[in-house]
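So that the names make sense, note that chain A is the first sequence line, chain B the second, and so on, each numbered from 1. Here the structure is a predicted model, which is why all the values come from computation and not from measurement.
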Amino acid sequence: MDEIDRKILNLLQEEFPLDPHPFAEIGRRIGLEEGETLQRVKQLKENGLIRRIGVVIDPGKLNYTSTLCGVHVDEGRLMEVVEAVNRHRGVTHNYEREGDLNLWFTVIAEKEGDIEDLIQGLERTFSLKIYRFPKKRVFKIKTFFPM
Amino acid sequence: MCRIDAVMAAPNNILKAMPYDFPLTERPYRDIAVERGMSEKELIETLSNLRTEGFIRRIAATLHHRRAAYACNVMVVWRVPEEDVERVGRVMASFPEVSHCYERGRGSYWDYNVFTMVHGRSSEECADTVKRISTETGIVDFQLFASKREFKKTSLMVTNG
């Protein structure tokens, strides 16, 4: 990865141009031809630096609700629980963290009831006590990693 | 893939038809549009409207932050007096190292009510950011929970059923 790749990554994180020739547009900003820009982006994707390029939706605007869940899971059963949690389409994030509540995941759904059903199902199956930290106010959602 | 009538379709249906990951071609919008029976121009206009209306936050790349040298991500929970949440939330959100900042319910578990995600190249960098946030907001009761393993990270996909 060189300086040009860094510039590309910074631009792409801010915005993928809504333009018939998005790669020409990015290239124009950093002095590259369309073809080379596209080639570099492909390479950054293949190298795994870029996860995806796409539409970032505002779930709230589409009337989705979401809840953050924290739960203590014994080490020996962790992977089993992780698999069950990840199987749900409404689970968008799932992290092992330090601390007593060692597994944290977010559940998103169109109906509040669907979130509860999912959580209660997991609680029953694995005899867990899952704590819910529902979203009340959003101050920021913007992941940008300066490269 | 079903055909989309750009004029008639509800935002949900248009977003349902968008690929999670755009094709890496010279004309990605044309390629997406053609598959869905739209013109490139129609698709670009539709997406532009959805962005203006706020259904689309942005169209952009998401990185693998660990591979992009941001090895550390810490969830920090803060105890903020109710009447101070608005001010503190705004200050925390202004830190570029903070990607998410929410007021959340306490979950009948603890007294912490503001949650932030802090990113850095190392745990020292993260700890330093947290210290600066604390100084700037005056919130001194907080806890850090560093991530150990990432098991899932996706974005919401609007899908059928």
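Looking only at heavy-atom pairs under 4.5 Å with chain A, the residue among B:Glu97, B:Gln143, B:His100 that has the most is B:His100. Among the candidates A:Gly90, A:Pro17, A:Gly99, A:Pro20, the residue making the largest number of heavy-atom pairs closer than 4.5 Å to chain B is A:Pro20. Between chain B and the residues A:Leu44, A:Leu101, A:Val85, the largest count of heavy-atom pairs under 4.5 Å involves A:Leu101. Note: B:Thr25 leads B:Thr25, B:Val74, B:Val114, B:Leu50 in heavy-atom pairs under 4.5 Å with chain A. Between chain B and the options A:His21, A:Arg132, A:Met79, the largest number of non-hydrogen pairs under 4.5 Å is found for A:His21. Interface check for chain A: of the options B:Val98, B:Ile44, B:Leu47, the most heavy-atom pairs under 4.5 Å are formed by B:Ile44.
Two residues are said to be in side-chain contact when any heavy atoms from C-beta on lie closer than 4.5 Å; A:Leu9 and B:Leu63 meet this criterion. Side chains of B:Arg104 and A:Lys136 form no contact here, defined as non-hydrogen atoms less than 4.5 Å apart. The shortest distance between side-chain heavy atoms of B:Thr154 and A:Arg89 does not fall below 4.5 Å. A heavy-atom distance below 4.5 Å is found between the side chains of A:Trp104 and B:Met75. B:Phe55 places none of its side-chain heavy atoms less than 4.5 Å from the side chain of A:Asp58. B:Leu24 has its side chain within reach of A:Val41: a pair of non-hydrogen atoms, C-beta onward, lies under 4.5 Å apart. With a 4.5 Å cut-off on side-chain heavy atoms, A:Ile141 and B:Arg57 count as touching.
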Exercise. Can B:Glu45 and A:Leu18 be said to form a side chain to side chain contact (heavy atoms under 4.5 Å, CB included), step by step?
Worked result: CA-CA 9 Å; B:Glu45 274 171 15; A:Leu18 195 42; over 6 Å; no
Problem set entry | salt bridge (Lys or Arg N to Asp or Glu O under 4.0 Å) between B:Glu150 and A:Arg51, intermediate numbers included | CA-CA 14 Å; B:Glu150 177 184 288; A:Arg51 209 186 276 268; 3.6 Å; yes
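Hydrophobic clustering, with ILVMFWY side chains joined whenever heavy atoms are under 4.5 angstrom apart, keeps B:Val76 apart from B:Tyr102. No path of Ile, Leu, Val, Met, Phe, Trp and Tyr side chains, each step under 4.5 Å between heavy atoms, connects B:Val91 with B:Met117, placing them in separate hydrophobic clusters. The hydrophobic clustering, which links ILVMFWY residues whose side-chain heavy atoms are closer than 4.5 Å, places A:Leu12 and A:Ile30 together. The hydrophobic clustering, which links ILVMFWY residues whose side-chain heavy atoms are closer than 4.5 Å, places B:Trp110 and B:Val85 apart. Transitive grouping of hydrophobic side chains (ILVMFWY, heavy atoms separated by less than 4.5 Å) keeps A:Phe105 and A:Phe133 in distinct clusters.
Looking at A:Asn102, there are no atoms closer than 4.5 Å to chain B (heavy atoms on both sides), in backbone or side chain. Contact of B:Glu86 with chain A is made through backbone and side chain together, with heavy-atom distances under 4.5 Å. Looking at A:Val138, the atoms closer than 4.5 Å to chain B (heavy atoms on both sides) sit in the backbone and in the side chain alike. Only the side chain of B:Phe115 comes within less than 4.5 Å of a heavy atom in chain A; its backbone stays farther off. Within the 4.5 angstrom heavy-atom criterion, atoms from both the backbone and the side chain of B:Phe145 approach chain A. In this structure, chain A has no heavy atom under 4.5 Å from any part of B:Thr116. Heavy-atom distances place the side chain of A:Glu34, and not its backbone, under 4.5 Å from chain B. When heavy atoms are compared at a cutoff of 4.5 Å, A:Ile130 does not approach chain B at all.
Between the side chains of A:Arg137 and B:Asn113, no donor-acceptor pair is found at a separation under 3.5 Å.
The minimum heavy-atom distance linking B:Ala93 with A:Phe139 is given by the pair CB-O, 3.6 Å. In plain terms, the two heavy atoms of A:Tyr95 and B:Asn73 that are nearest each other are CE2-ND2, 3.5 Å. B:His64 approaches A:Gly48 most closely through the heavy-atom pair CD2-O, 2.9 Å. Taking each heavy atom of A:Asn86 and B:Phe151 in turn, the nearest pair found is ND2-O, 3.1 Å.
Side chain of B:Lys152 to main chain of A:Val91: a donor-acceptor pair is present (N/O by atom type, distance under 3.5 Å, no hydrogens or angles). Under the 3.5 Å distance criterion, the side-chain polar atoms of A:Lys61 are matched with a main-chain donor or acceptor of B:Glu53. Put simply, the side chain of B:Asp21 gets close to the backbone of A:Ile53: a donor and an acceptor are under 3.5 Å apart. Side-chain atoms of A:Lys140 never come within 3.5 Å of backbone atoms of B:Cys101 as a donor-acceptor pair (strictly under, hydrogens ignored). At distances below 3.5 Å, at least one donor-acceptor pair connects side-chain atoms of A:Arg52 with backbone N or O atoms of B:Tyr20.
Within a 6.0 Å sphere centred on CD of A:Gln120, heavy atoms belonging to other residues, nucleotides or ligands number more than 12. Heavy-atom contacts from other residues, nucleotides or ligands closer than 6.0 Å to CZ of B:Arg79 number 12 or fewer. The neighbour count for B:Lys41 NZ, taken as heavy atoms of other residues, nucleotides or ligands under 6.0 Å away, does not exceed 12. Under a cut-off of 6.0 angstrom, the local environment of CD in A:Glu80 is crowded, with over 12 non-hydrogen atoms contributed by other residues, nucleotides or ligands. Within 6.0 Å of NZ on B:Lys131 lie no more than 12 heavy atoms contributed by other residues, nucleotides or ligands.
The distance from atom OG of B:Ser123 to atom CD of A:Glu98, rounded to the nearest 0.5 Å, is 8.5 Å. Atom-to-atom distance recorded for A:Leu103:CG and B:Lys148:NZ is 11.0 Å, nearest 0.5 angstrom. Taken to the nearest 0.5 Å, the CD1 atom of A:Ile57 stands 12.0 Å off from the CZ atom of B:Arg58. Atoms CG and CD, on A:Leu38 and B:Glu26 in that order, are 6.0 Å from each other to the nearest 0.5 Å.
The aromatic rings of B:Tyr109 and A:Tyr131 sit tilted, their planes meeting at an angle between 30° and 60°. By the 30° and 60° cut-offs, the orientation of the rings of B:Phe22 relative to A:Phe16 is perpendicular.
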